[in-house]
**Student:** 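I have a structure here, written as structure tokens, and I will follow up with some questions on it.
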Amino acid sequence: MTMPSNRYEPRFGPVLRNGRVLFRLWAPKQRRVGLQLEQRAYSMQSHGGWHSLSVAADFGARYRFVLEDGVRVPDPASRFQPEDIHGPSELIDPAAYRWRNSGWRGRAWHETVLYELHIGTFTPEGTFSSAAKRLGYLKELGVTAIQLMPVADFPGRRNWGYDGVLPFAPDAAYGRPEQLKAFIDEAHGLGLSVLLDVVYNHYGAEGNYLPLYAPIFTERHRTPWGPAINYDDEGSAEIRAFTIENVLYWLEEFHLDGLRFDAVHEIRDAGAFHLLAEIRATVGSAIGNRPVHLVLENEENSAEWLDRPRGGTPAFTAQWNDDVHHGLHVAVTREDAGYYADYARRPELLGRALAQGFAFQGETMAYRGSSRGQPSAHLPPDAFVSFLQNHDQIGNRAFGDRIHHHHPLGAVKAAAATYLLAPQIPMLFQGEEWAASTPFTFFCDVEGELADAVRKGRRDEFSRFPEYADPQVRETIPDPVSEQTFRSAKLLWPERKFSPHADMLGWYRRILSVRAARIVPLIPTLPQAGHYRVGENGIVDVLWQSTNETMLRVVLNLGDMPKRMQEAIKGQPIWIEGHWEGATLGAWTTIWTIETPNEPA
């Protein structure tokens with residue numbers, strides 16, 4: 001048995017040394033810890049909060065740690081849990097998979113067209129292997145990068161992935177670690193990058209044994225899930241190291257091209273060196289031979305994490321831009337409940353989000369009752385990921401309905417054409433490209449009191465919306481614990497061959513080919529934000545000027561009535577969605593133009 005020569009030296013989880021396996025557990029709350037390896041029991045040596053034992057073992061063997069009170073727990077750094085989160089961990093050979101595309105060196109960020117997918121619902125089988133068979137389709141569509149929703153081991157057989165408790169173990173419901181590697185390998189062979197969504201702001205409610213033996217949480221900070229993960233209190237050094245090692249594990253052992261960090265505003269760290277800064281510095285020093293894209297979700301819209309130092313590497317590559325989504329969504333739907341109220345009937349916020357990234361750059365947001373965001377006009381467009389649909393914006397709706405389920409495809413196309421050709425990085429959500437009929441509702445697989453709490457919490461969440469004020473109406477919201485809710489979210493692949501789905505799929509292929517040919521080459525020449533203006537009639541006009549004087553422009557009428565423009569459109573139209581005649585824009589019209597130097601007006 002041989003181990004790979006990684007660029008980092010793992011401290012957590014088993015490692016082969018001198019023909020024997022060294023098992024390790026950091027458990028400072030436990031004076032003694034045992035090891036159960038298959039049917040044999042061992043006592044581990046203890047020193048400085050660590051418990052370790054070197055013993056002969058074969059790959060494939062199953063093991064657990066035994067605490068002082070007899071509780072048997074999986075390895076928190078388990079590489080695989082064949083019997084789910086409460087079962088034994090399996091000793092995995094990290095060198096077992098033979099990479100076919102080991103020479104892959106990634107793709108430049110500005111070329112990225114992201115496609116967010118959930119392994120369990122992307123295909124009927126819901127596995128890494130079945131998803132790998134669809135990668136050729138995604139390349140043909142015009143996608144260049146896959147964004148996987150979290151795969152870290154979660155309770156049961158179905159979950160969005162944000163309730164993970166064993167961050168190193170791909171969930172067995174999707175397949176083995178080698179099958180995830182094969183998925184990534186296949187993607188690289190097709191020229192597709194792969195990013196993984198990771199969650200470092202909380203652990204799931206079921207199966208997290210860490211508090212039994214380590215100071216994993218701190219009361220110094222609170223989050224929506226309770227006490228925060230301890231990144232700055234007593235004992236935090238090893239917890240920070242555990243998280244950072246997980247980052248390197250995914251990037252190194254699985255050859256991933258990047259990570260998307262979930263809700264970093266809930267990573268509470270008041271120390272001198274924030275965890276995010278340490279992650280960025282560690283990745284930069286450990287992986288230098290290929291581009292690694294680190295993408296944030298950050299409700300606070302903190303531009304400082306995205307700053308581009310002159311001649312240096314940005315702190316983080318990009319951030320999901322909810323502001324573009326909200327502006328497009330309210331334009332199409334006219335919804336004004338909840339956080340949408342701050343964007344409704346305010347097209348100037350959409351213009352600002354398209355041009356500068358953040359719509360709120362320090363102003364008060366009424367829904368929050370506080371200020372939000374930082375100035376972002378100094379950042380280039382590709383510091384932001386824009387979208388019309390994603391797992392949150394669909395799945396956090398009561399019935400998981402997609403925007404095209406209730407609104408005309410003409411309106412949806414006008415909104416989609418806006419973000420798909422913008423110089424920000426576009427992201428599609430699985431099935432969006434063929435106007436999938438399936439919803440994507442929140443689902444999980446838990447039992448007993450926790451299941452009751454999840455059902456109640458899901459329905460109570462919507463009680464503040466007028467349309468769900470009646471308890472009987474809330475009872476119609478799909479049960480998140482039901483297997484049927486999960487199955488209803490699975491894509492129906494045959495439907496993409498029939499109208500109107502086939503027509504929509506053809507439309508997405510055409511517009512993404514225009515992006516590849518006309519927009520992608522321009523992005524490196526757009527070092528700063530664009531300029532926007534909004535007419536009294538609500539027409540949004542955004543202009544980006546490149547370093548070679550080329551002008552990229554979009555003019556939008558995201559409304560159901562024709563409107564007159566204040567200024568004639570110049571340049572060469574590269575995409576017209578809707579209707580344009582003279583100075584009049586038809587309803588639901590988006591026009592993209594490029595004006596090159598010396599081009600006649």
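Bear in mind that the values here come from a model prediction, so they are computed numbers and not experimental data.
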**Student:** How close do Leu196 and Pro150 get, heavy atom to heavy atom, and via which atoms?
**Tutor:** CD1-CA, 4.4 Å

**Student:** Quick one about Asn301 and Gln319 (side-chain donor to acceptor, distance below 3.5 Å, no hydrogens or angles considered), yes or no?
**Tutor:** yes

**Student:** Taking all non-hydrogen atoms of both residues, which atom of Leu91 and which atom of Ala57 are closest, and how far apart?
**Tutor:** CD2-CB, 3.9 Å

**Student:** List in chain and number order the residues that pass side-chain hydrogen bond (donor to acceptor under 3.5 Å, both in side chains) with Gln81, two or more places apart in sequence or in another chain; answer none if no residue qualifies.
**Tutor:** Ser78, Ser89

**Student:** Could you name each residue pair satisfying side-chain hydrogen bond (donor to acceptor under 3.5 Å, both in side chains) that touches residues 274-288, not counting sequence neighbours?
**Tutor:** Arg240-Glu278

**Student:** Only counting residues at least two apart or in another chain, list the ones meeting side-chain hydrogen bond (donor to acceptor under 3.5 Å, both in side chains) with Glu140.
**Tutor:** none

**Student:** Which pair of non-hydrogen atoms, one from Ala145 and one from Leu195, has the smallest distance, and what is that distance?
**Tutor:** CB-CD1, 4.3 Å

**Student:** Does Phe242 have any ring-ring contact (aromatic ring centres under 6.0 Å, His included) partners at least two apart in sequence or in another chain, and if so, which?
**Tutor:** Phe12, Phe168

**Student:** When the ring planes of Phe254 and Trp250 are compared, do they come out parallel, tilted or perpendicular, using 30° and 60° as the limits?
**Tutor:** tilted

**Student:** According to ring-ring contact (aromatic ring centres under 6.0 Å, His included), who are the partners of Phe358, at least two apart in sequence or on a separate chain?
**Tutor:** Phe384

**Student:** Using atom types as modelled and distance alone, determine if a side-chain donor or acceptor of Gln374 lies under 3.5 Å from a backbone N or O of Ala303.
**Tutor:** yes

**Student:** Specify the closest pair of heavy atoms between Trp544 and Ala355, including all atoms of both residues, with the distance to one decimal.
**Tutor:** NE1-O, 4.0 Å

**Student:** In sequence, state the C-alpha distance, the side-chain angles, and the governing distance for Tyr174 and Phe154, and then conclude on ring-ring contact (aromatic ring centres under 6.0 Å, His included).
**Tutor:** CA-CA 11 Å; Tyr174 301 151; Phe154 50 76; 5.7 Å; yes

**Student:** Over 60° means perpendicular and under 30° means parallel, so classify the ring planes of Trp225 and His202, tilted if in between.
**Tutor:** parallel

**Student:** Taking only residues two or more places apart in sequence, or in another chain, which ones meet Tyr213 in a ring-ring contact (aromatic ring centres under 6.0 Å, His included)?
**Tutor:** none

**Student:** Examine distances only and state if a side-chain atom of Asp232 and a backbone atom of Ala270 form a donor-acceptor pair shorter than 3.5 Å.
**Tutor:** yes

**Student:** Give the C-alpha distance, both sets of side-chain angles, the deciding distance and a yes or no for salt bridge (Lys or Arg N to Asp or Glu O under 4.0 Å) between Arg368 and Glu300.
**Tutor:** CA-CA 11 Å; Arg368 288 165 52 108; Glu300 298 302 321; 3.0 Å; yes

**Student:** Would you check if there is a donor-acceptor pair between the side chains of Gln430 and His118 at a distance under 3.5 Å?
**Tutor:** no

**Student:** Taking only residues two or more places apart in sequence, or in another chain, which ones meet Gln424 in a side-chain hydrogen bond (donor to acceptor under 3.5 Å, both in side chains)?
**Tutor:** Asn321

**Student:** Starting from the C-alpha separation in whole Å, work towards a yes-or-no answer on side chain to side chain donor-acceptor pair (under 3.5 Å) for Thr127 and Gln179.
**Tutor:** CA-CA 9 Å; Thr127 64; Gln179 292 168 323; over 6 Å; no

**Student:** Side chain to side chain contact (heavy atoms under 4.5 Å, CB included) with Tyr231: which of Leu276, Leu275, Thr218?
**Tutor:** Leu275

**Student:** Not counting sequence neighbours, list each pair that qualifies as a side-chain hydrogen bond (donor to acceptor under 3.5 Å, both in side chains) and has a residue in residues 254-264.
**Tutor:** Trp104-Asp257, His188-Asp257, Asp197-Arg260, Asn201-Asp262, Arg260-Asp262, Arg260-Glu297

**Student:** Can you list the residues that meet the ring-ring contact (aromatic ring centres under 6.0 Å, His included) rule with His265, with sequence neighbours excluded?
**Tutor:** none

**Student:** Which pair of heavy atoms, one from Met365 and one from Arg372, lies closest together, and at what distance?
**Tutor:** SD-CD, 3.4 Å

**Student:** If a pair satisfies salt bridge (Lys or Arg N to Asp or Glu O under 4.0 Å) and one of its residues is in residues 516-526, list it, with sequence neighbours excluded.
**Tutor:** none

**Student:** Mind checking whether Pro227 and Arg222 have side chains closer than 4.5 Å, heavy atoms only?
**Tutor:** yes

**Student:** Do Tyr97 and Glu253 have side chains that get closer than 4.5 Å, going by heavy atoms?
**Tutor:** no

**Student:** Please verify the inter-ring angle class for Tyr200 with Phe261; under 30° counts as parallel, over 60° as perpendicular, anything in between as tilted.
**Tutor:** tilted

**Student:** Sequence neighbours left out, what passes side chain to side chain contact (heavy atoms under 4.5 Å, CB included) with Glu234? Give chain and number order.
**Tutor:** none

**Student:** Testing the basics here: between Asp84 and Pro155, what is the closest heavy-atom pair and its distance to 0.1 Å?
**Tutor:** OD2-C, 3.8 Å

**Student:** Residues two or more places apart in sequence or in another chain: which of them pass side-chain hydrogen bond (donor to acceptor under 3.5 Å, both in side chains) with His378?
**Tutor:** Asp307

**Student:** Check whether the ring centres of Phe440 and Phe429 lie less than 6.0 Å apart, and answer yes or no.
**Tutor:** yes

